[in-house]
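Remember, it's a predicted structure, so these values are computed and weren't measured experimentally. As a basis for the values below, the full set of heavy atoms in this structure was taken, side chains included, without hydrogen atoms, waters or symmetry mates.
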2 protein chains.
Amino acid sequence: MDGAAFKDNVFNQLSRVGKVLSSPKRLEILDLLSQGPKSVESLSAITRMSVANTSKHLQALLDSQLVVYRKDRNYVIYDLSDKSVIDLLLAIRTVADKQLEELAQLRQQIEESREPFESVTVEQFVDRYESGGITIIDVRPREEYEAGHIDGAISIPMGDLERYIDQLPQDQAIFAYCRGHYCLYAAEAVKLLKAKGLHAIRLDASLHDWNKYRQQ
Amino acid sequence: MDGAAFKDNVFNQLSRVGKVLSSPKRLEILDLLSQGPKSVESLSAITRMSVANTSKHLQALLDSQLVVYRKDRNYVIYDLSDKSVIDLLLAIRTVADKQLEELAQLRQQIEESREPFESVTVEQFVDRYESGGITIIDVRPREEYEAGHIDGAISIPMGDLERYIDQLPQDQAIFAYCRGHYCLYAAEAVKLLKAKGLHAIRLDASLHDWNKYRQQ
DNA sequence: GATCTATTCAACTTATTGGTTGAATAGTAA
DNA sequence: TTACTATTCAACCAATAAGTTGAATAGATC
């Protein structure tokens, strides 16, 4: 194989990874899996695709080895194959964030359509975290919390939040986080808690954003 | 816009970046641009595509704002729009490296088809760099060196190397680097220098790998 | 202003992909 | 074994993308 053929081959291989990232639905699947392993059935439900189609996408992801699976009873449970896939997802989000004005506009629409509420970035949050005296709630589904969460956070999935309000401290700041920047759970949680008179603040970051920041 | 539509929209935007990375030729263009700005004409020559097609790819890159351009005389010079694009390229390469066995095999073929030669990673190189007493040569085209290079490296493009051999130190280790892991220039340079009896070693990294490692 | 050249646009062909529906498979539970 | 369920496979259609060639555009130079 000569130099040119070698080069073509390398970029062909690299583009296999790129291909996987070229479909919105596949990105959504990867994003969901980055929060924890999930069955084909539940992925199909969350993404509102046919099971067959979801399976097909998962096969594509499998083909470029971005995901792995294991069988459990009669479910097939998929998961990301490697931590470097999370880094890739974060990288693509960073680029899109910076370059695509449309995304910024989307975020703004969401922000403006709701009551204004307090929101902090990872950088702003870390001091409060270190000095303690706060409550952190993880409002993602229970399984995702169990697959990994910010140290010291308690799990209150969105659906259960209303029932648990009484048990939350009235005199402490309560930080809520979810799947990250483009997930709406935490924003809704803060809105609900504020309406009930609690001091709620959104932590505008995912578990992975947090991990990445901490390891630096 | 409701939650589901918002979500679809976000992933649609993210996939625009993914789409760009789904074509081998576009990846090659991005990779070339990461070494320094280039005209449409030279990109077309290096990638061996028609100028029209190259231009079309560049339009696609422009559309998702991964590149920018400026006009110079009657050339249009393209460049990456942002440092975060480089991070994205590194991330995709890391994932592909780990996941795609085919890539590993490709590399191995190349290694084996040549004389074995010394090669060091960034991690191994840094000590030698710090303690000095070495020569570092950048064997990429001159313009790429000028767009950015490892501190202390001298520019000797591959084509000129043979002529400059006499001026290189006979008693020092000479480290050669090029565009990175999948570029063949440095390997060829080391082969040539070794054949002439010099103590040549490949630094198996790109300028960006080096920068990334140093900033940590 | 006229000419030259780099770049981009337009039209077209072929190949690939996302999605659907319905059947086949494989693993569980009774 | 039989029945059941989750998942995958197969066949198909519609939409999109990569690449080609040839024409149009716009800057620079004379």
Return the value, rounded to whole Å, for the distance between atom [atom1] of [X] and atom [atom2] of [N].
X	N	atom1	atom2	result
B:M49	D:dT21	CE	P	14 Å
A:R73	D:dC4	CZ	C1'	15 Å
A:K71	C:dA26	NZ	P	8 Å

- Classify the ring geometry between B:H149 and B:Y145 as parallel (under 30°), tilted (30 to 60°) or perpendicular (over 60°).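 Rings of B:H149 and B:Y145: parallel, as their planes differ by under 30°.
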
- Using 30° and 60° as the class limits, which term best fits the ring planes of B:W210 and B:Y129: parallel, tilted or perpendicular?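 B:W210 vs B:Y129 ring planes: perpendicular.
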
Thinking salt bridges, do [X] and [Y] make one under a 4.0 Å N-O criterion?
X	Y	answer
A:K19	A:D63	no
B:R48	A:D8	yes
B:D151	B:R214	no

- Message: Which residues pass the side chain to side chain donor-acceptor pair (under 3.5 Å) test with A:E123, not counting sequence neighbours?
- Response: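 So A:E123 forms a side chain to side chain donor-acceptor pair (under 3.5 Å) with A:T121.
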
- Considering the terminal five base pairs at each end of the helix from C:dG1-D:dC30 to C:dA30-D:dT1, what angle separates the two local helix axes, rounded to 10°?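 Between the axes fitted at each end of the helix from C:dG1-D:dC30 to C:dA30-D:dT1 lies an angle of 30°.
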
- Report, as a single string ordered 5' to 3', how protein heavy atoms within less than 4.0 Å touch nucleotides 6-18 of chain D: B base, S sugar-phosphate only, - not at all. SSBB-------SS

- Query: If you round to the nearest 0.5 Å, how far is CD1 of A:I29 from CG of A:L61?
  - Reply: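 Those atoms lie 6.0 Å apart.
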
- Task: Kindly compute the distance separating OH (B:Y185) from CD (B:E144), expressed to the nearest 0.5 Å.
- Result: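 These two atoms lie 7.5 Å from each other.
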
